[in-house]
Amino acid sequence: MTDFSTTIAPSTNHKTGLTSGNKFLDPRGKNLLSVQNLLHQLVDGLTEELSNAVELAPVPTEWMSIPKSQLIPDQPVSDTELLETCRQLVRGSMNPAHPRYMGHMDPLPSISSVMGSLVTAAVNNNVLSREMSPIFSELEQQLMRELALLFGLPETAGGMLQSGGTLCNLQALTVARNSQLGLKDVHKNGLIQLTSQPVIFASELCHSSIQKSAMILGLGTEAVLPVKVDDQCRICPKALQNSITQARQSGQLPFAVVATAGTTVTGNIDPLSAIAKICQNEKLWFHVDASYGGAAIFSETHKPCLQGIDRADSITFNPQKWCYVTKACALVLFREEKILDRHFRIAHPYMSLNEEDHEINLGEWGIQGTRAPEIAKWWLTLLQFGKSGLEKLIDHSYDMANRFNRLIDERDFIECASVSEMNIVCFRDTRGSQDETARGERNQRLQRGLMKDRQTFVSLPRFRNSRWLKAVLLNPFTTENDLQEIFDYIDHFEV
């Protein structure tokens with residue numbers, strides 16, 4: 001690694017006054033040209049670096065070493081050194097812009113969402129309250145209601161953004177707990193009064209944020225009862241029904257079921273309609289974690305895979321994944337927006353603007369207090385692409401996944417974990433030893449070889465007691481030639 005101090009050294013000529021130089025943009029415009037010049041240089045440097053993303057590794061193995069003395073420097077550095085630092089940060093970052101970055105659900109960002117990030121950073125509003133984010137609070141509430149309708153929820157639906165899918169799932173399950181156990185007034189008095197253990201049902205392949213939510217809610221991770229999946233990695237409705245019956249017979253208190261639309265490792269979708277029917281019959285809250293797969297709603301061809309999502313009580317969806325929005329951008333929708341008033345809201349009496357109009361401060365409805373107005377990035381992306389543009393991106397991803405699967409089908413030594421329902425393919429090379437440990441080690445070597453020799457990053461999840469490879473066909477610049485070169489390499493990889 002290069003010594004960071006050779007590039008970044010304290011400036012001897014830099015102005016140190018609090019309002020001098022480029023530390024802030026003067027609200028009267030006295031240093032406008034100077035600040036514009038600095039930001040123009042930053043944008044020029046960023047776009048130059050990122051326009052050559054194929055020359056950088058999908059995941060860097062080396063980056064500039066930062067000495068302890070430069071973590072909190074005694075003196076400010078110059079603009080030149082500041083810009084060089086930005087360049088080095090880019091070069092040490094994960095590189096999802098690379099067409100052969102296929103490891104995770106992390107896309108290159110839309111230009112419009114980068115613009116949104118810049119705008120929201122510049123104005124530095126806070127969606128805690130309406131007086132701290134006037135246009136953004138209104139925009140967020142309006143757009144959430146429209147998105148809810150897109151998912152088939154009723155006119156009463158709405159929601160909010162949170163900083164990631166984990167917080168969205170936590171928000172949904174908190175409201176589910178408070179509303180389902182409302183007769184006990186859990187919202188105010190907590191769990192200590194309960195004589196039965198509240199439990200949640202979720203796929204054995206659900207995201208770890210479900211267990212994390214149960215831990216934070218005071219239920220404990222064991223309160224998430226894993227439901228058996230079929231050979232296509234989807235919840236078995238019969239197993240779910242049996243689990244609910246057994247839980248009640250053992251004295252537990254079921255209150256929610258979590259279905260997944262786009263499992264993390266294999267990208268499969270639980271049978272939403274069947275689960276919705278069970279939840280209705282059993283009077284349980286139905287939450288759909290569509291963090292990844294929710295994007296299919298924009299494709300007329302592929303949105304039928306989400307059939308039944310319109311019956312959900314709550315939905316998590318992350319535009320930061322398959323809709324190419326810069327992080328963080330995740331949202332949670334509720335079938336009844338006003339349920340947040342009844343079963344979650346904590347008032348902010350120190351915020352008064354719009355009080356007479358009975359307008360809600362979104363911070364009163366959400367887990368987060370201070371929150372950046374991420375809605376701008378999502379809305380600008382919707383403006384730049386429109387529904388038709390997002391549909392083309394989603395359909396193209398499916399098409400590339402189909403091409404990837406056809407190349408797998410041509411090779412009898414490659415095994416898929418499940419039939420692809422989205423643009424995620426989980427597979428492994430089965431040549432060599434039949435021992436699961438040995439197979440895992442072989443696929444680990446194959447992953448490293450693809451990185452080293454073909455500038456290709458696929459991830460290496462642990463699945464079914466071994467190591468598999470996962471490819472997410474998300475980058476619109478990935479070509480058939482990229483896929484062919486990857487499989488040519490796999491063909492000749494040492495047995």
Quiz item: Would you find a donor on one side and an acceptor on the other, under 3.5 Å apart, between the side chain of His343 and the backbone of Ile339?
Solution: no
Quiz prompt | Asn402 side, atom CG; Leu407 side, atom CG - distance, nearest 0.5 Å | solution = 11.0 Å
Quiz item: Is it true that the side chains of Asn443 and Gln447 contain a donor and an acceptor less than 3.5 Å apart?
Solution: no
Practice problem: Fit a plane to each ring of Phe317 and Phe298, take the angle between them on a 0 to 90° scale, and name the class: parallel (under 30°), tilted (30 to 60°) or perpendicular (over 60°). | Solution: tilted
Quiz item: Excluding sequence neighbours, so at least two apart, what forms salt bridge (charged side-chain N to carboxylate O under 4.0 Å, His left out) with Asp491?
Solution: Arg411
Self-check item: Donor on one side chain, acceptor on other, Glu282 and Gln241, under 3.5 Å
Solution: yes
Exercise. Taking Gln232 for its side chain and Val419 for its backbone only, find out whether a donor-acceptor pair lies under 3.5 Å.
Key: yes
Practice problem: Decide side-chain hydrogen bond (donor to acceptor under 3.5 Å, both in side chains) for Ser133 and Ser137; before the verdict, give the C-alpha distance in whole Å, the side-chain angles of both, and the deciding distance to 0.1 Å. | Solution: CA-CA 6 Å; Ser133 56; Ser137 289; 2.7 Å; yes
Self-check item: Any pair counted as ring-ring contact (aromatic ring centres under 6.0 Å, His included), so long as it reaches residues 429-463, sequence neighbours left out
Solution: Tyr101-Phe457, His104-Phe457, Phe463-Trp468
Quiz item: Do Arg234 and Val229 pass the side-chain contact (heavy atoms from CB on, under 4.5 Å) test, and can you show the C-alpha distance, the side-chain angles, and the key distance before you say yes or no?
Solution: CA-CA 5 Å; Arg234 299 173 294 208; Val229 298; 5.7 Å; no
Quiz item: So how far is it from Leu167 CG to Ile216 CD1, rounded to the nearest 0.5 Å?
Solution: 7.5 Å
Quiz item: Can you tell me how far CD of Gln41 sits from CG of Leu82, rounded to the nearest 0.5 angstrom?
Solution: 10.5 Å
Quiz item: Are Leu306 and Ile297 close enough, and set up right, to give a side-chain contact (heavy atoms from CB on, under 4.5 Å), and what steps lead you there?
Solution: CA-CA 7 Å; Leu306 298 176; Ile297 205 71; 4.1 Å; yes
Would you tabulate the side-chain donor-acceptor contacts of residues 285-296 under 3.5 Å, counting partners in other chains and residues two or more places apart, or write 'none'?
{"residue": "Trp285", "atom": "NE1", "partner": "Ser314", "partner atom": "OG", "Å": "2.8"}
{"residue": "His287", "atom": "ND1", "partner": "Ser314", "partner atom": "O", "Å": "3.3"}
{"residue": "His287", "atom": "ND1", "partner": "Ser314", "partner atom": "OG", "Å": "2.7"}
{"residue": "His287", "atom": "NE2", "partner": "Asn169", "partner atom": "OD1", "Å": "2.9"}
{"residue": "His287", "atom": "NE2", "partner": "Thr316", "partner atom": "OG1", "Å": "3.4"}
{"residue": "Asp289", "atom": "OD1", "partner": "Ser291", "partner atom": "N", "Å": "3.2"}
{"residue": "Asp289", "atom": "OD1", "partner": "Ser291", "partner atom": "OG", "Å": "2.6"}
{"residue": "Asp289", "atom": "OD2", "partner": "Asn169", "partner atom": "ND2", "Å": "3.2"}
{"residue": "Tyr292", "atom": "OH", "partner": "Asn423", "partner atom": "OD1", "Å": "2.8"}
{"residue": "Tyr292", "atom": "OH", "partner": "Asn423", "partner atom": "ND2", "Å": "3.0"}

Quiz prompt | Test log, rule side-chain hydrogen bond (donor to acceptor under 3.5 Å, both in side chains), inputs Asn52 and Glu48 | solution = CA-CA 7 Å; Asn52 292 305; Glu48 182 178 347; 5.3 Å; no
Quiz prompt | For the student: nearest non-hydrogen atoms of Val265 and Lys470, plus distance | solution = O-CD, 3.1 Å
Practice problem: Identify, with sequence neighbours excluded, every residue that meets side chain to side chain contact (heavy atoms under 4.5 Å, CB included) alongside Cys416. | Solution: Asn405, Ile408, Val425, Phe427
Quiz item: So, for Gly103 and Ser459, which heavy atoms are closest and what is the spacing to 0.1 Å?
Solution: O-OG, 2.7 Å
Practice problem: Report yes or no: does Thr478 contribute a side-chain atom to a donor-acceptor pair with the main-chain N or O of Pro99 at less than 3.5 Å? | Solution: yes
Quiz item: What is the minimum heavy-atom distance between Ser203 and Asp270, and which atoms define it?
Solution: CB-OD2, 4.0 Å
Practice problem: Check Gln384 against Ser112 and note the closest heavy-atom contact, atom names and distance. | Solution: OE1-OG, 2.6 Å
Practice problem: Just jot down the side chain to side chain contact (heavy atoms under 4.5 Å, CB included) partners of Arg439, sequence neighbours excluded, or say none. | Solution: Glu415, Arg428, Thr430, Gln434, Glu436, Ser466
Quiz item: Does Tyr398 use its side chain to pair, donor to acceptor, with the backbone of Glu421 at less than 3.5 Å?
Solution: yes
Quiz item: Are the side chain of Glu374 and the backbone N or O of Leu161 linked by a donor-acceptor pair below 3.5 Å?
Solution: no
Quiz item: Does Arg464 reach the main-chain N or O of Ala417 with its side chain, forming a donor-acceptor pair under 3.5 Å?
Solution: yes
Quiz prompt | Distance, nearest 0.5 Å, that separates CD of Glu336 from OG1 of Thr156 | solution = 3.5 Å
Quiz prompt | Pairwise distance CD1(Ile375) to CE(Met160) - rounded to 0.5 angstrom | solution = 11.5 Å
Quiz item: Shortest non-hydrogen contact from Phe477 to Asp482?
Solution: O-OD2, 4.0 Å
Quiz item: Short question: side chain of Ser113, backbone of Leu380 - any donor-acceptor pair under 3.5 Å?
Solution: no
Exercise. Report, as yes or no, whether the 6.0 Å neighbourhood of atom CE on Met115 holds more than 12 heavy atoms from other residues, nucleotides or ligands.
Key: no
Quiz item: Got a donor-acceptor contact below 3.5 angstrom from the Asn178 side chain to the Val175 backbone?
Solution: no
Quiz item: Rounded to the nearest 0.5 Å, what separation is found between the NZ atom of Lys212 and the OG1 atom of Thr221?
Solution: 12.5 Å
Quiz item: Tell me, which pairs form a salt bridge (charged side-chain N to carboxylate O under 4.0 Å, His left out) where one or both residues lie in residues 300-325, sequence neighbours left out?
Solution: Glu300-Lys303
Quiz item: In a check of side chain to side chain contact (heavy atoms under 4.5 Å, CB included) between Phe493 and each of Leu450, Leu446, Asp488, Asp453, which one passes?
Solution: Leu446
